Amino acid sequence: MHMTEAARTLSLFVHISASVVWFGGLLMLALLVVPELRRGLAGQPALNALLRRLRRRFALWGNLALALLLVTGLLQMTDDVNYTGLLQVGNRWSQALLIKHILIVVLALVGAALQLGVLPALERASLLIERDLGDAEAMARLQMRERRLTLLMVALAVLILAASAWLGVL
């Protein structure tokens, strides 16, 4: 069963909008907002609390956007004339889609490591630092891990966008 033109249009609109929210938000935070906050508020007690609030707000919007991307992406995939079935990679479109899906799985694993491992540890370390009970070196290591994982997510997202563009021309 194929979607109507209106349903495809709505699905694509939601998909692109969710991409803008997630990827745009990730880029803005990783490349502009967080580095500037770290420079401008270095050594200030408010910095860690502000970064915690930003992470929480982005996690809410980012996770919602990712859920919408997943749902609309699956709808569009199964509606595409090039789609021949699950794990059927007999044409170039399906091969490009497989590459995109592998990148998405890697992105999800990196995101899970960040959200479920590094960020809770960073939040605990941040609260301890604010109370003068924390280890500044441990905090610096966690912040470096957060930066590396975030930049890896940015790189993976760029590759996913490139795979999407490739799919669009096949």
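All values derive from a computational prediction rather than experimental measurement. Values below: every heavy atom of this structure, side chains too, minus hydrogens, waters and symmetry copies.
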I'd like to know if the side chain of Ser11 reaches the main chain of Ala7, judged simply by a donor and an acceptor atom lying under 3.5 Å from each other, with no hydrogens or angles considered. no

Do the side chains of Thr9 and Glu5 get nearer than 4.5 Å, heavy atoms only? yes

How close do Leu116 and Pro120 get, heavy atom to heavy atom, and via which atoms? O-CG, 3.6 Å

Between CG on residue Leu66 and CD1 on residue Ile104, distance to nearest 0.5 Å: 9.5 Å

If you round to the nearest 0.5 Å, how far is OG1 of Thr150 from CD of Gln143? 11.5 Å

Crowded around Arg8 CZ? As in, over 12 foreign heavy atoms under 6.0 Å? yes

Could you check whether any side-chain heavy atom of Trp93 comes within less than 4.5 Å of a side-chain heavy atom of Tyr83, counting everything from C-beta outward? yes

Considering only heavy atoms from C-beta outward, does the side chain of Thr84 approach that of Ser94 to under 4.5 Å? yes

Evaluate side chain to side chain contact (heavy atoms under 4.5 Å, CB included) for Asn82 paired with Leu170, printing each intermediate quantity in order. CA-CA 9 Å; Asn82 293 299; Leu170 292 177; 5.9 Å; no

Can you check side chain to side chain contact (heavy atoms under 4.5 Å, CB included) on Leu41 and Leu50, steps first, answer last? CA-CA 10 Å; Leu41 297 175; Leu50 181 57; 3.9 Å; yes

Quick check: is Met153 connected to Val20 through a chain of hydrophobic side chains (ILVMFWY, heavy atoms under 4.5 Å apart)? no

How long is the gap from CG on Asn91 to CD on Gln88, to the nearest 0.5 Å? 10.0 Å

Does a side-chain heavy-atom distance below 4.5 Å link Leu122 with Met139? yes

Between Glu36 and Arg39, is the closest basic N to carboxylate O distance under 4.0 Å? yes

Find the distance between CG (Asp80) and CG (Leu75) and round it off to the nearest 0.5 Å. 12.5 Å

Tell me if a side-chain donor or acceptor on Asn63 pairs with a main-chain N or O of Ala59 at a distance below 3.5 Å. yes

Would you kindly confirm whether Leu127 and Leu142 end up in one hydrophobic cluster when ILVMFWY residues are joined by side chain heavy atoms under 4.5 Å apart? no

Could you tell me whether the side chain of Leu68 reaches within less than 4.5 Å of the side chain of His15, counting heavy atoms only? no

Around Arg38, counting heavy atoms of other residues, nucleotides and ligands shown, do more than 12 lie under 6.0 Å from its CZ? yes

Are Leu161 and Leu26 connected in a single hydrophobic cluster, I mean Ile/Leu/Val/Met/Phe/Trp/Tyr linked by side-chain heavy atoms less than 4.5 Å apart? yes

CG (Leu114) and CG (Leu107) are apart, to the nearest 0.5 Å, by 10.5 Å

Ser126 side chain reached by Leu51 side chain, heavy atoms, under 4.5 Å: no

Would you say the side chains of Glu123 and Asn48 form a donor-acceptor pair under 3.5 Å? no

Supply the members, apart from Leu32, of the Ile/Leu/Val/Met/Phe/Trp/Tyr cluster built from side-chain contacts under 4.5 Å; use none for a lone residue. Met28

Evaluate the side chain to side chain contact (heavy atoms under 4.5 Å, CB included) criterion for residues Leu60 and Leu64: first the C-alpha distance (whole Å), next the side-chain angles of each, then the deciding distance (0.1 Å), finally the verdict. CA-CA 6 Å; Leu60 172 70; Leu64 175 63; 5.9 Å; no

If hydrophobic clusters are built by linking Ile, Leu, Val, Met, Phe, Trp and Tyr wherever their side-chain heavy atoms come under 4.5 Å apart, do Val154 and Leu54 end up in the same one? yes

Could you check if a side-chain atom of Leu103 sits within less than 4.5 angstrom of a side-chain atom of Ile99, using non-hydrogen atoms only? yes

Shared ILVMFWY cluster between Val158 and Leu97, side chains joined below 4.5 angstrom? yes

Are Leu159 and Lys100 packed together at the side-chain level, in the sense that at least one heavy-atom pair is separated by less than 4.5 angstrom? no

How many angstroms lie between atom CG of Leu119 and atom CZ of Arg124, to the nearest 0.5 angstrom? 10.5 Å

In terms of heavy-atom contacts, Gly62 and Trp22 come closest through O-CD1, 3.6 Å

Could you tell me which non-hydrogen atom of Val21 sits nearest to which non-hydrogen atom of Phe58, and how far apart they are? O-CE1, 4.1 Å

Looking at Arg55 and Glu146, does any basic side-chain N land under 4.0 Å from a carboxylate oxygen? yes

